[in-house]
Amino acid sequence: MSLTSSDLQEIRNIIKEEIQPVQGELHALRNDIKEIYDMIAQIQSEPIITKEFDKLSIEKKILTLNSKLVSAAKQAGITLPR
């Protein structure tokens, strides 16, 4: 039994219908990953510890770090535990 050209075309259509949604999801994932890399690069380029930071009390240091962590989490769309 051999496949006709009509059969082959139908198979191609079925495969195309199945692949298109996956391609869209793959494209969305690539965009998400790019955004994550961009956010990481931005966070890494911002110095957390400066000379002024070193001069702060331990309480102020913790509050500053917490503020930066909350900000980074919001950028990433992450809800931090309380």
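When a residue number appears, it is its place in the shown sequence, counting from 1. Note that the structure is predicted; figures quoted are calculated from it, not measured.
Heavy atoms of other residues, nucleotides or ligands lying less than 6.0 angstrom from CD of Q75 number more than 12. Around CD of E59, the count of heavy atoms belonging to other residues, nucleotides or ligands within 6.0 Å does not exceed 12.
Using a 4.5 Å cut-off between side-chain heavy atoms of Ile, Leu, Val, Met, Phe, Trp and Tyr, with links allowed through other members, L63 and F53 fall into different hydrophobic clusters. Note: the hydrophobic cluster containing L26 does not contain I33 (ILVMFWY, side chain heavy atoms under 4.5 Å, direct or indirect links). In the hydrophobic cluster analysis, where Ile, Leu, Val, Met, Phe, Trp and Tyr join through side-chain heavy atoms closer than 4.5 angstrom, I19 is grouped together with I11. No path of Ile, Leu, Val, Met, Phe, Trp and Tyr side chains, each step under 4.5 Å between heavy atoms, connects I14 with V22, placing them in separate hydrophobic clusters.
Residues L69 and L65 fail the side-chain proximity criterion, which asks for heavy atoms closer than 4.5 Å.
In this structure, CD on E10 lies 11.5 Å from OG on S5, to the nearest 0.5 angstrom. Rounded to the nearest 0.5 Å, atoms OG (S71) and CG (N66) are 11.0 Å apart. Rounding to the nearest 0.5 Å gives a distance of 12.5 Å between NZ of K60 and CD1 of I62. The OG1 atom of T64 lies 11.5 Å from the CD atom of E52; values are rounded to the nearest 0.5 Å. K55 contributes atom NZ, which lies 12.0 Å from atom NZ of K61 (distance to the nearest 0.5 angstrom). Summarising the geometry, atom CG belonging to D38 is positioned 8.5 Å from atom CD belonging to Q42; distances are rounded to the nearest 0.5 Å.
Between the side chain of D7 and the main chain of T4, a donor-acceptor pair closer than 3.5 Å is present.
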Begin from the C-alpha positions of N13 and Q9 and carry the test side chain to side chain donor-acceptor pair (under 3.5 Å) through to its verdict.
CA-CA 6 Å; N13 290 340; Q9 186 59 43; 3.1 Å; yes
